[in-house]
Amino acid sequence: MATCALCGNQVTPVSRVLGACARCICANPLAARQLAAKAHAAARRPFQLPPAPPRTRDGLACTQCANRCRIGPGQVGYCGVRRHDGQHLSGSDAQAAAVAWYHDPLPTNCVADWVCAASTAAGYPRFTDTRGPELGYTNLAVFYEACSFDCLFCQNWHYRDHSRTGPRHSATELAGAVDARTRCICFFGGDPACQLEHALEAARLARQRHANRILRICWETNGSMSRPGLTQMAEISLETGGCIKFDLKAWDEPLHFALCGVSNRRTLANFEYLASYIPRRPDPPPLVASTLLVPGYVDVDQVAKIAAFIAKLDANIPYALLAFHPAFLMDDLPTTSRRQAQECLAAATAAGLKRVRIGNPHLLT
């Protein structure tokens, strides 16, 4: 049991980093925002990242993601990779990005593995030449070491060590990692949203070097990128048989700000925009959604709202519910319970979705 700083009630569970329950965060957004701002500033300070998206009056505007930072001379953007070098913005272009990669044997534990061409007959024979898992082949997993969000429960929080300083690689280097056994490339992180120019160029080069063969391009993202960037992502995924996987972290904006440091308005608008692409290639599905079930914060109420939103767009959009494991600054929360997962699964189905599953049931308690 913990005491919520806003209502004074003892509630289970409440994370110490926020100090407030989900109900109060949504009901009292101004007070909750102050608590959340302090939490995110503290979370970012050890990594020398700005506490909030910079709004320097005479700074240069970055339009790569929803944060729309105005970065002054010598400053870095919220993501940590975009910087004002005195004359223009640099970082995250095709020449240099904070990125790492590895070959992941197929089938892999991708959020979309249950509906994608790498693991099923979806898209056969155009996007896969098997009717099951592509055994013996690999996914080139590309991890961008920067993010436009600041999730307090981040499972991969260590990437922050390289956002501002660390190895940088060109799109040409990355494209060179594709070999004869590579069947797909998945850009994730962190998030590719704030280094999208690099990812798009790497995908273009890889396809150019390996033309006339199966090479799907996929993305896992928080959905905060610019609309022109998203359009390019969508087109390349449609052409290659890949998909775009959106992590819909919460529905209510005050809760999303508390958990992730920024708004989710762009994410929801971009998801709705992408749904219009589905009729162009329904199989394999070009759009997939997931939600991490954070105990005490992302529960049946949030999942029901997200599922209703998805169902209005297309009831066949696959939706994966993921078990939470204690991590980063929310390591005092419990693992998602089997009961919570089943209740959320029922809520998503009741909202009208036809393709819902619990993505990692082995983590449930």
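These values consider heavy atoms only, across backbone and side chains, with no hydrogens, waters or symmetry-generated copies.
- Within a 6.0 Å radius of CZ in Arg213, more than 12 heavy atoms belonging to other residues, nucleotides or ligands are found.
- Under the 3.5 Å distance criterion, the side-chain polar atoms of Ser237 are left unmatched by any main-chain donor or acceptor of Ala234.
- Asn270 places a side-chain N or O within donor-acceptor distance of the main-chain N or O of Gly223, the cut-off being under 3.5 Å.
- Contact check for Cys186 versus Lys245: side-chain heavy atoms found under the 4.5 Å cut-off.
- Among residues at least two apart or in separate chains, side-chain hydrogen bond (donor to acceptor under 3.5 Å, both in side chains) pairs with a member in residues 134-143 are His103-Thr138, Thr128-Glu134, Glu134-Arg183, Glu134-Arg216, Tyr137-Arg183.
- The aromatic ring centroids of Tyr78 and His40 lie 6.0 Å or more from each other.
- The list of side-chain hydrogen bond (donor to acceptor under 3.5 Å, both in side chains) pairs with a residue in residues 284-299, not counting sequence neighbours, reads Thr291-Tyr319.
- The residues Glu235 and Arg280 are annotated as salt-bridged, a charged nitrogen and a carboxylate oxygen being separated by less than 4.0 angstrom.
- The 12-atom threshold is exceeded at CZ of Arg55, counting heavy atoms of other residues, nucleotides or ligands nearer than 6.0 Å.
- Counted within 6.0 Å of CZ on Arg265, heavy atoms from surrounding residues, nucleotides or ligands total 12 or fewer; the atom is thus considered open.
- Note on residues 97-121: pairs passing salt bridge (Lys or Arg N to Asp or Glu O under 4.0 Å), not counting sequence neighbours, are Asp113-Arg357.
- The aromatic rings of Phe328 and Trp157 lie parallel to each other, with less than 30° between the two planes, well short of the 60° mark.
- Residues Pro50 and Val76 have side chains in contact (heavy-atom distance under 4.5 Å, counting atoms from C-beta outward).
- Note on residues 153-164: pairs passing salt bridge (Lys or Arg N to Asp or Glu O under 4.0 Å), not counting sequence neighbours, are Asp150-Arg160.
- Asn222 places a side-chain N or O within donor-acceptor distance of the main-chain N or O of Ser224, the cut-off being under 3.5 Å.
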ask   = Could you walk me through whether Lys249 and Leu292 pass the side-chain contact (heavy atoms from CB on, under 4.5 Å) check?
value = CA-CA 6 Å; Lys249 299 175 187 291; Leu292 186 67; over 6 Å; no

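- Judged as a side-chain hydrogen bond (donor to acceptor under 3.5 Å, both in side chains), the pairs with a partner in residues 198-209 (not counting sequence neighbours) are, in order, Tyr144-His198, Glu201-Arg204, Arg207-Glu239.
- Taking the six-membered ring for Trp and thresholds of 30 and 60 degrees, Trp101 and His169 have ring planes more than 60 degrees apart, a perpendicular arrangement.
- No more than 12 heavy-atom neighbours from other residues, nucleotides or ligands sit within 6.0 angstrom of CG on Asp58.
- Taking OG1 of Thr120 as the start and CZ of Arg131 as the end, the distance is 11.0 Å to the nearest 0.5 Å.
- Using bins of under 30°, 30° to 60° and over 60° for the plane-to-plane angle, the ring pair Phe271/Phe309 lands in the tilted bin.
- Here Leu35 pairs with Ala5, Leu6, Ala20 under the side-chain contact (heavy atoms from CB on, under 4.5 Å) rule; sequence neighbours left out.
- Shortest non-hydrogen contact noted between Ile317 and Val288 is CG2-CA, 4.5 Å.
- Between Asp191 and Phe149 there is no side-chain heavy-atom pair separated by less than 4.5 Å.
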